[in-house]
Amino acid sequence: MCGIVGYIGHRDAYPIIIKGLQRLEYRGYDSAGIALFDKDLKVYKKAGKVSDLENFVKDLKLEGSVGMGHTRWATHGAPSDRNSHPHSSGDRKLTIIHNGIIENYATIKETLLAKGHVFKSDTDTEVLIHFVEDIQKETGVDLREAVRIALNKVIGAYAIVIMSADEPDLVIAARKGSPMVIGVGQKEYFIASDATPIVEYTKNVIYLNDNEIAYIERDNLLIKNIDNTVQIPYIHELDLKLEMLEKGGYEHFMLKEIYEQPRSIRDCLRGRIYPQEGKVQLGGIKEYAEKLKNVDRIIIIACGTSWHAGLVGEYLIEEYARVPVEVEYASEFRYRNPIISERDLVIAISQSGETADTMAAIELAKEKGATIFGICNVVGASIPRTTHAGVYTHAGPEIGVASTKAFTAQVTVLTLLAFYIAQQRGMIAQSKLVEYLTELNEIPELVERALKSNDRIKEIAATFIKTNNCLFLGRGSSFPVALEGALKLKEISYIHAEGYPAAEMKHGPIALIDEAMPVIFIATKNSSYEKVISNIQEVKARKGRVIAIVSEGDVDVKEMADYVIEIPQTHEAFVPLVATIPLQLLSYHTAVMRGCNVDQPRNLAKSVTVE
Ligand code: M6R
């Protein structure tokens, strides 16, 4: 949440910063602001989107080769001009942008108020910059030391960038719990919450670690720990292409990402399956192959869509590898006192690799001695750097706030993992693995075919754009698909939607069914097909409107349902990968027809770095 960009070098900072903010807008879009050093330290900020900030400054001549910018997802203080970042110290000489939460800001603020500080916003961030100013004034230390002392005293999460009117050739950046990347150029440095604003200028990046402070000058970068020890940074080479960050002719990033799925699933499978040999190979976890033979239990932790992928993983791992699996919301797990042993394997799933609750749950499981695997999309993010081992999803940057291709890539990895563990534990015959992997290898093609129903789905979406409620039902591993379908619809179209196991309907939700209630069934020809047909009949008997995702050539459901969407027939294990596609398209078209901003739905942010 919140996007941060900074620049110090020889180029004009404003265009770099504004473009960077556009790239990071998926992280928050309540307000935006910039600070530039142009003879003096100047701050411009505005409630609304980055485009509102651009309009606000369009007639000004913004110069300077040092600057920073922020796009906000509000935590402390409503979205408004005055709560927008950057925030300044009382004497206006220091200015800060911040991503995260300073948990003890109220106590610090009280002390500062007693000393006469006057605050212009409701934010925790403004308190932090006043605190730095206060330390400087009280102790006489320089800015570098004052920042270090302040950060030793604050509790919470932060990625911050600070500029000072008295030190125009210095930018200070620091992180704890919120991401920060530094791009290394020729006598220039770029700072950002992720690498997307940096990639067109340099491929060389440093991922700042927790508790590190970077003192950045045009031709010098010094990184120290907050205990003042010098750190030797490791320079990574980015594997990111500029075109991955653009819409490529699609109306929205979400639609582009839906259509990218044949490619992203193929990329996720590449080099990991050998269908003819009946072999799965997962390089990132190969050192743990022995451990997997003896693991007692697997606990999957995640949030939102990633949690839904985890539920699909539970079905697959239990079915094929025969290891008991529990799937937990990271936000609940971290505040329980869960029973975890060294024989447990914890799998953290996260697209961004930065979700605060998932990070905290990992730390807890680690303290209790579990082995932790990560399934992440963003390379170099905090989660893959904190887990013992892991498997990247290789879906490429996902910019639409609603997760689509990341979900199917996570499910693909979990499918591979289920077969990999089954293989290690001798739970699956080689010949069976040949069969499964051959079919899995064809999934990108089936997804491609499923996408061909787009026009039909658009017509169906048009019939229920005025609805206020919707039910998604599925059985077995199609139940998490129903949950994911409901989440997609509610987050981008603001229609209330619930996902349920189809059989649970009669234990409550059935009371909601009337002529106005669309019920979306995943009714493919698999083991629970007959049972789902009974559930459809129960809905029809109560005059509900049925939209069914069916296997190509289905006749029975077609006779009962108001609308059907056909998807190619596949083995039960792979249905989630194909059945998800029409649900994504249904949400997308419904939201577009309702005039919603599908890429930036209200109140949401792509990466939830606050708890
Ligand atoms: O980056 P993560 O996968 O950890 O994010 C978890 C959730 O915040 C995320 O899946 C969220 O639910 C999306 N808006 C779903 O589309």
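Heavy-atom basis, side chains included; hydrogens, waters and symmetry copies ignored. Start at 1 and go down the list; that is how both ligands and their atoms are numbered.
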Quiz item: What is the nearest protein non-hydrogen atom to atom 7 (C) of ligand 1, stated with its residue, atom name and distance?
Solution: Cys303 O, 3.7 Å
Quiz item: For Lys241 and Glu246, what are the C-alpha separation, side-chain angles and deciding distance, and is it a salt bridge (Lys or Arg N to Asp or Glu O under 4.0 Å)?
Solution: CA-CA 10 Å; Lys241 292 192 190 79; Glu246 277 148 15; over 6 Å; no
Quiz prompt | Glu354 and its side chain to side chain donor-acceptor pair (under 3.5 Å) partner, picked from Ser382, Ser178, Ser193 | solution = Ser382
Quiz item: With a cut-off of 4.0 Å, which atoms of ligand 1 are near a heavy atom of Ser350?
Solution: 1 (O), 2 (P), 3 (O), 4 (O)
Quiz item: Considering only heavy atoms, which of Thr305, Ile301, Leu604 lies nearest to atom 9 (C) of ligand 1?
Solution: Thr305
Exercise. Kindly state each residue pair satisfying ring pair (Phe, Tyr, Trp, His ring centres under 6.0 Å) with at least one member in residues 366-385, sequence neighbours excluded.
Key: Tyr288-Phe373
Exercise. Using the six-membered ring wherever Trp is involved, compare the ring planes of Tyr392 and His394 and label them parallel, tilted or perpendicular (cut-offs 30° and 60°).
Key: tilted
Self-check item: atom 8 (O) of ligand 1: the protein heavy-atom neighbour that sits closest, reported with distance to 0.1 Å
Solution: Val608 CG2, 3.9 Å
Exercise. Keeping the roles fixed (side chain from Arg545, backbone from Pro518), state whether a donor-acceptor pair exists under 3.5 Å.
Key: no
Quiz item: What's the shortest distance from atom 4 (O) of ligand 1 to any protein heavy atom, and which residue and atom give it?
Solution: Thr355 OG1, 2.4 Å
Quiz item: With no hydrogens and no angle check, do the side chains of Thr305 and Lys488 hold a donor and an acceptor under 3.5 Å apart?
Solution: yes
Practice problem: Going by the salt bridge (Lys or Arg N to Asp or Glu O under 4.0 Å) test, name the single residue among Arg336, Arg334, Arg297 that passes it with Glu328. | Solution: Arg336
Quiz item: Taking both backbone and side-chain atoms of Gln410, is any N or O found less than 3.5 Å from an N or O belonging to ligand 1?
Solution: no
Exercise. Give the atoms of ligand 1, by number and element, whose distance to some non-hydrogen atom of Glu491 is under 4.0 Å.
Key: 13 (C), 14 (N), 15 (C), 16 (O)
Quiz item: Please state which protein non-hydrogen atom is closest to atom 1 (O) of ligand 1 and give its distance, to 0.1 Å?
Solution: Ser352 OG, 2.6 Å
Quiz item: Among pairs that include at least one residue of residues 467-501, which meet ring pair (Phe, Tyr, Trp, His ring centres under 6.0 Å), considering only residues two or more places apart or in two chains?
Solution: none
Self-check item: Interfacing atoms of ligand 1 (cut-off 4.0 Å, heavy-atom, Ala402)
Solution: 16 (O)
Practice problem: Mark the output for Lys488 as yes if a heavy-atom distance to ligand 1 is under 4.0 Å, and as no if none is. | Solution: yes
Quiz item: Numbering the atoms of ligand 1 from 1, which are under 4.0 Å from a heavy atom of Ser306?
Solution: 2 (P), 3 (O), 10 (O)
Practice problem: Please say whether Thr358 places an N or O atom under 3.5 Å from an N or O atom belonging to ligand 1. | Solution: no
